[in-house]
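A short worksheet on the structure shown next.
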Amino acid sequence: MTLRTPLIAAASLGTLLLAGCSGAEADGEASPESDASLTVAAAFYPLQYVAEHVGGELVAVEALMPPGVEPHDAELSPAVVRSLQTMDTVLYLSEFQPAVDDAIATTDARALDAHHIVDEHAAAHEDEGHEDEVHEDEADHADEDGHDHGSSDPHFWTDPTLLAAYAEDVAAEFAELDPAGADTYAANAEALVAELTALDEDFQAGLASCERDDIFVSHEAFGYLAERYDLHQEGVAGLDPEAEPSPARIREIRELVAETGATTVYSESLVDASAIEALAADAGVQTAVLDPVEGVTGDDDYIAVMTRNLDALKDGLGCS
Ligand SMILES: [Zn+2]
């Protein structure tokens, strides 16, 4: 993974420099290869997905993470960092990718931070008195692991309704930068919200009646999804996939798999699956992919990956 970083940074540099030369520096003319009114950078995939859908033809979206790259600890080359200054805005999530936080701070680029969605969710969570509603066994898990899905969990996009909230944000940012396109951005956002709402309804219906509600995952990217659909996640690694799981944690998960009668443990596509595969072999259960949608490849998109996730959950949890 670490060895690939310089190549990746160089690859995105090419497209970013192209955008920089043709856009901001050519006396306000639209770049020859597009009629876009705005050029924006998206720090990782779900933000890019929203930017592309809300922006439509009017916005050229530059991905800071090339396809299939795990974004948590990704680095940016100095040239990519400098290129942020040519963007109309940078869509990012603070406290998720330290390299992006630093790049925005050093370039003083205009940026839209999605972190308020995480904060508002955490605040709403407290107002609802959710702690009191947690089942006895879930409370025990939370206590012994110290995982409370609090404000430190960045993965808001695993709840489609929170990604829908983000779409409204992005539409407002684009409208402020390009008032002539405001109606288009609002209509595009509305269409995206409708798609995400339909996805949420599929999850509600698909997970309404299941034999089990514990999901065993590679890194704890599914806290918001679990909360939305009344599941409980246990991660071999914590919130950051690069954290090495301890042998004690792996033993603990192994015991929980046996206790809960789980038939499946979930790996993910962008993180080494060997710890999960060894755990599954040891426990005599199968593995399946539950993708945190932190990066996608090929023709995949958010809806496609999340739909596969729903199928994988229905299979693994014995949903009827
Ligand atoms: Zn993650």
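Values below: every heavy atom of this structure, side chains too, minus hydrogens, waters and symmetry copies. Everything numeric here is computed off the predicted structure, so don't read it as measured data.
Using a 4.5 Å heavy-atom cutoff, the side chains of Val265 and Val217 are not in contact. The closest side-chain heavy-atom distance from Asp301 to Tyr49 is below 4.5 Å. Looking only at side-chain heavy atoms (C-beta outward), Val54 and Phe174 come within less than 4.5 Å of each other. Side-chain atoms of Phe216 and Leu279, non-hydrogen and from C-beta on, never get closer than 4.5 Å to each other. Taking the side chain as every heavy atom from C-beta outward, Glu227 and His232 never approach each other to under 4.5 Å.
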Open item on the list: Quick one, Glu234 with Arg249, criterion salt bridge (Lys or Arg N to Asp or Glu O under 4.0 Å). Give me CA distance, side-chain angles, the key distance, then yes/no.
Closed with: CA-CA 10 Å; Glu234 290 286 348; Arg249 180 62 182 155; 2.7 Å; yes

Open item on the list: Between Thr287 and Ser267, is the side chain to side chain donor-acceptor pair (under 3.5 Å) condition met? List the steps.
Closed with: CA-CA 7 Å; Thr287 62; Ser267 62; 5.2 Å; no

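The closest side-chain donor-acceptor pair between Thr107 and Gln85, if any, does not fall under 3.5 angstrom.
If you chain together hydrophobic residues whose side chains sit under 4.5 Å apart, Leu239 and Leu270 never meet in one group. Under the 4.5 Å side-chain heavy-atom criterion for ILVMFWY residues, no single connected hydrophobic cluster contains both Val193 and Val170.
A ring-centre distance under 6.0 Å is not found for His121 and His115.
In this structure a side-chain-to-backbone donor-acceptor pair under 3.5 Å is missing from Gln233 to Ala226.
With Trp157 as the partner, the ring pair (Phe, Tyr, Trp, His ring centres under 6.0 Å) test is satisfied by one option alone out of Tyr224, Phe96, Tyr45: Phe96. Of the residues listed (Asp291, Leu225, Asp202), the one engaging Met306 in a side chain to side chain contact (heavy atoms under 4.5 Å, CB included) is Leu225, and it is the only one.
More than 12 heavy atoms of other residues, nucleotides or ligands sit less than 6.0 Å from atom CD of Gln204.
How far CZ of Phe44 is from CD of Glu70: 10.5 Å, rounded to the nearest 0.5 Å.
Using a 4.0 Å cut-off between a side-chain N of Lys or Arg and a carboxylate O of Asp or Glu, Arg254 and Asp282 qualify as a salt bridge.
Applying the salt bridge (charged side-chain N to carboxylate O under 4.0 Å, His left out) criterion to Asp200, with sequence neighbours excluded, gives Arg228.
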